[in-house]
Amino acid sequence: MNLILFGPPGAGKGTQAKFLVKKLNSFQVSTGDMLREEIKKDTEIGKKIINNMNDGKFVEDEIVNKLLEKIIFDSKKKNKLIFDGYPRTLNQAKNLESLLIKSDQKLDYIFFLNVNKNTIIERIEKRKILEERSDDEANTILKRYDIYMTDTKPVLDFYSSKKGFHEIDASLKIEQISNKIDDILKV
Ligand code: AMP
């Protein structure tokens with residue numbers, strides 16, 4: 001089973017992805033983590049993306065799409081993908097669709113974790129204390145939310161009429177969100 005966790009930063013995609021990885025014996029595909037790793041290792045990609053990341057802007061589609069390709073064609077991970085933070089643009093959504101077809105896979109579920117701005121600000125502020133994340137300054141949080149809402153609208157429209165699309169109220173408690181997802185997945 002392949003699924004997408006879709007929603008603004010702070011909606012709890014990462015948390016739910018980790019639960020699902022255990023329950024479904026799957027792999028979390030977090031482009032955010034992959035990009036942070038490139039910065040940490042100070043790679044060529046890392047050098048190119050650091051400014052955008054720190055500004056809360058999206059990294060170029062070309063770079064993110066390239067990072068994703070390796071994972072899609074990894075036979076160990078076939079049909080065991082939990083996408084967390086990808087796709088974020090229409091270009092990425094179309095790229096994912098084409099890569100899945102090429103690798104003889106499909107998307108089974110798309111969960112839209114919908115949450116309002118105030119809840120997100122509270123959550124990201126808490127997370128900032130727990131994790132050391134340079135891109136999570138207060139202003140950046142607001143910018144990221146707004147960019148997300150504008151830029152990902154076409155992605156939402158792309159998926160909302162597809163089979164397997166479910167909107168979940170992500171202002172609920174972690175466990176309630178997870179129960180709702182499990183009910184749909186019947187796990
Ligand atoms: P995340 O950990 O998913 O909240 O991502 C943190 C940051 O990484 C975002 O604010 C973007 O700068 C960058 N990023 C992560 N995933 C993507 C993506 N799919 N497309 C473009 N930029 C991304």
Side-chain angles (χ1 to χ4, degrees), residues 2-21 27-72 77 81-100 107 110-117 119-159 170 174 177:
N2 294 320
L3 63 89
I4 294 179
L5 294 168
F6 182 75
K13 300 185 295 292
T15 305
Q16 297 300 330
K18 288 189 174 68
F19 291 155
L20 290 170
V21 160
F27 297 89
Q28 180 181 6
V29 185
S30 161
T31 43
D33 283 350
M34 289 159 81
L35 294 166
R36 278 187 286 278
E37 195 60 28
E38 296 288 331
I39 293 180
K40 212 163 108 190
K41 288 190 187 151
D42 199 24
T43 62
E44 281 309 305
I45 291 177
K47 287 182 188 122
K48 269 194 209 159
I49 64 176
I50 191 160
N51 290 338
N52 272 9
M53 291 272 291
N54 286 340
D55 272 358
K57 292 184 191 144
F58 285 177
V59 169
E60 283 165 52
D61 287 334
E62 206 190 334
I63 293 178
V64 191
N65 287 344
K66 192 109 201 136
L67 286 177
L68 195 86
E69 212 171 304
K70 282 184 226 150
I71 290 167
I72 304 267
K77 299 185 178 172
L81 302 168
I82 314 267
F83 295 97
D84 156 20
Y86 185 98
R88 266 173 156 98
T89 64
L90 197 55
N91 173 297
Q92 293 178 13
K94 289 188 173 162
N95 178 63
L96 178 61
E97 193 168 63
S98 115
L99 289 175
L100 287 174
L107 267 182
I110 302 112
F111 291 104
F112 173 38
L113 304 187
N114 197 4
V115 65
N116 66 41
K117 200 167 177 170
T119 311
I120 283 177
I121 293 168
E122 281 169 26
R123 284 185 188 168
I124 299 187
E125 280 296 332
K126 271 188 213 155
R127 191 169 70 184
K128 200 173 123 186
I129 300 164
L130 297 174
E131 302 170 18
E132 286 172 32
R133 292 183 47 162
S134 65
D135 59 327
D136 274 346
E137 299 306 323
N139 283 339
T140 311
I141 296 165
L142 299 177
K143 222 189 285 171
R144 285 173 68 196
Y145 184 87
D146 292 335
I147 294 172
Y148 188 90
M149 283 311 194
T150 322
D151 287 10
T152 56
K153 179 75 174 60
V155 185
L156 188 58
D157 295 342
F158 180 78
Y159 285 122
I174 289 174
I177 300 171

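Since the structure is predicted, the reported quantities are computational estimates derived from the model, not experimental observations. In each ligand, atom 1 is the first atom listed, and ligand 1 is the first ligand listed. The analysis underlying the following values was restricted to heavy atoms, covering all of them including side chains, and did not include hydrogens, waters or symmetry mates.
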Please list, in number order, the atoms of ligand 1 under 4.0 Å from a heavy atom of [X].
X: G85; answer: 16 (N), 17 (C), 18 (C), 19 (N)
X: Q92; answer: 18 (C), 19 (N), 20 (N), 21 (C)
X: M53; answer: 7 (C), 8 (O), 12 (O), 13 (C)
X: K57; answer: 11 (C), 12 (O)
X: R36; answer: 2 (O), 6 (C)

Working to the nearest 0.5 angstrom, can you tell me the gap between I63 CD1 and E44 CD?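 Going from CD1 on I63 over to CD on E44, the span is 11.0 Å.
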Tell me whether [X] has any N or O atom under 3.5 angstrom from an N or O of ligand 1.
X: Y86; result: no
X: R144; result: yes
X: D84; result: no

Residues two or more places apart in sequence or in another chain: which of them pass side chain to side chain donor-acceptor pair (under 3.5 Å) with N52?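 Side chain to side chain donor-acceptor pair (under 3.5 Å) check on N52 returns nothing, list empty.
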Side-chain H-bond candidate by donor/acceptor type, N116 with T119, under 3.5 Å: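 The criterion, which ignores hydrogens and geometry beyond distance, is satisfied for T119 and N116.
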Carboxylate-amine/guanidinium proximity below 4.0 Å for R36 and D33: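 Salt bridge flag = yes for D33 with R36.
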